[in-house]
Amino acid sequence: MASKSELQDTLKEKYGINKNISQSLTQAECERLLELLKHEPSALKLVESFSRKNTELGRNNALFGRMRSQAEKRVETLSSEYAELEASIQDLEASKTSLEKRKKQLEQEKQQLETEVKVLTSQTIDLSDKVEFLTTENTTLVKANDQLKRDNKALKNIVDQIKLRLARDTKELLKYEDSEIRKALIRLFRWTLG
């Protein structure tokens with residue numbers, strides 16, 4: 001007589017009934033099932049149909065198991081990527097905040113520089129006007145100085161002519177004998193010569 005394990009092996013080899021299905025049967029039930037399948041073609045067709053269905057379900061279970069495993073790995077990967085993206089978003093938001101602050105600071109600096117440029121431009125215009133005025137004044141003063149030099153030269157010539165004339169006239173007067181007139185004329189002559 002065959003053992004239950006041997007009977008299960010026979011059911012598996014001849015009729016495709018897995019051991020996990022025949023496990024719940026007793027040894028006697030395994031023997032009876034073998035007899036039934038030998039003598040009843042309709043029972044054999046039913047078992048073969050169940051066996052095909054079981055094989056198909058097994059393949060489907062394996063496929064779904066692989067798909068589930070792949071999905072779990074994908075979920076794990078996506079979760080990791082999501083966490084990285086969240087961290088990256090937080091970093092970007094922090095960077096954005098600091099960049100916005102820097103932008104405001106640069107805008108304020110730009111406004112200050114524009115104000116300084118306007119002030120400097122105004123000062124430059126004022127200084128240009130002053131330079132132009134001073135240049136005009138300088139030109140006027142140079143002309144006046146030239147005129148004064150000419151006037152001084154002319155005046156000196158006149159004074160020199162007066163001195164010369166006075167010297168000649170005094171010399172003529174000194175020829176006369178009156179000593180008081182002579183003394184007064186000498187004092188006057190000395191005073192005019194400086």
Side-chain angles (χ1 to χ4, degrees), residues 1-140:
M1 180 174 260
S3 68
K4 178 180 175 181
S5 179
E6 293 171 340
L7 293 172
Q8 284 179 307
D9 287 340
T10 305
L11 286 169
K12 170 85 172 132
E13 290 170 15
K14 281 189 175 181
Y15 304 106
I17 299 172
N18 288 333
K19 284 187 176 184
N20 61 351
I21 293 173
S22 62
Q23 189 65 36
S24 62
L25 301 174
T26 64
Q27 184 178 353
E29 290 172 331
C30 286
E31 287 176 358
R32 188 159 181 234
L33 183 57
L34 279 169
E35 280 299 314
L36 180 67
L37 292 172
K38 247 189 222 182
H39 300 299
E40 284 293 327
S42 60
L44 179 59
K45 280 188 178 183
L46 183 61
V47 167
E48 286 175 349
S49 174
F50 283 152
S51 179
R52 280 193 303 272
K53 194 62 171 171
N54 187 40
T55 303
E56 187 181 320
L57 288 173
R59 277 194 299 258
N60 285 345
N61 280 342
L63 175 65
F64 289 136
R66 284 191 303 274
M67 288 172 65
R68 180 177 179 205
S69 176
Q70 289 173 349
E72 287 172 350
K73 286 179 184 176
R74 184 72 179 141
V75 165
E76 210 174 285
T77 303
L78 289 175
S79 295
S80 173
E81 288 177 9
Y82 179 79
E84 288 175 9
L85 285 174
E86 282 290 323
S88 183
I89 287 170
Q90 288 178 351
D91 290 345
L92 288 173
E93 286 176 352
S95 294
K96 179 183 174 189
T97 303
S98 70
L99 288 174
E100 286 175 348
K101 286 180 184 176
R102 181 67 179 141
K103 179 183 174 188
K104 286 180 183 177
Q105 182 183 9
L106 289 173
E107 286 173 351
Q108 289 174 346
E109 289 177 12
K110 179 184 172 192
Q111 274 187 319
Q112 289 173 347
L113 289 173
E114 286 175 350
T115 303
E116 287 180 26
V117 165
K118 286 178 183 176
V119 168
L120 290 173
T121 301
S122 174
Q123 289 176 349
T124 301
I125 291 171
D126 290 346
L127 288 173
S128 292
D129 291 344
K130 285 180 183 177
V131 166
E132 189 176 326
F133 173 75
L134 290 174
T135 302
T136 303
E137 284 290 309
N138 189 41
T139 303
T140 303

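Values in this document were obtained by computation on a predicted structure and should not be read as measured data. The figures here come from the full heavy-atom set of this structure, side chains too, leaving out hydrogens, waters and symmetry mates.
More than 12 heavy atoms of other residues, nucleotides or ligands lie within 6.0 Å of CD in E109, so this atom counts as buried by the packing criterion.
Between the side chain of T77 and the main chain of K73, a donor-acceptor pair closer than 3.5 Å is present. With S122 contributing its side chain and K118 its backbone, the two residues share no donor-acceptor pair below 3.5 Å. Remark: side-chain polar atoms of S51 are not paired, donor with acceptor, to backbone N or O of V47 under 3.5 angstrom. Side chain of S80 to main chain of E76: no donor-acceptor pair is present (N/O by atom type, distance under 3.5 Å, no hydrogens or angles). Judged purely by atom type and a 3.5 angstrom limit, S95 uses its side chain to pair as donor or acceptor with the backbone of D91.
Using a 4.0 Å cut-off between charged nitrogen and carboxylate oxygen, E56 and K53 count as a salt-bridge pair. Salt-bridge annotation for R68 and E72: present, with a side-chain N of the basic residue lying under 4.0 Å from a carboxylate O of the acidic one.
The CG atom of L63 sits 5.5 Å away from atom CZ of R66, with the distance rounded to the nearest 0.5 Å. A distance of 12.0 Å separates NZ in K38 from CG in L33, rounded to the nearest 0.5 Å. In this structure, the separation between OG1 on T10 and CG on L34 is 6.0 Å, given to the nearest 0.5 Å. Atom-to-atom distance recorded for N54:CG and N60:CG is 11.0 Å, nearest 0.5 angstrom. S79 OG to E81 CD: the interatomic distance, rounded to the nearest 0.5 Å, is 9.5 Å. Here the straight-line distance linking atom CG of L11 with atom NZ of K4 works out to 11.0 Å at 0.5 Å rounding.
In this structure, the side chains of I17 and F50 stay at 4.5 Å or more apart for every pair of heavy atoms. Between K96 and L92, the closest side-chain pair of non-hydrogen atoms is not below 4.5 Å. The shortest distance between side-chain heavy atoms of K101 and S98 does not fall below 4.5 Å.
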CA sep, side-chain torsions, deciding dist, call: L44, E40, side chain to side chain contact (heavy atoms under 4.5 Å, CB included): CA-CA 6 Å; L44 179 59; E40 284 293 327; over 6 Å; no
Residue pair Q27, L7: steps toward the side chain to side chain contact (heavy atoms under 4.5 Å, CB included) verdict: CA-CA 8 Å; Q27 184 178 353; L7 293 172; 3.7 Å; yes
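Of the residues E29, Q8, K12, the one that meets the side chain to side chain donor-acceptor pair (under 3.5 Å) test with S22 is Q8.
K45 meets the salt bridge (Lys or Arg N to Asp or Glu O under 4.0 Å) test with no other residue; sequence neighbours excluded.
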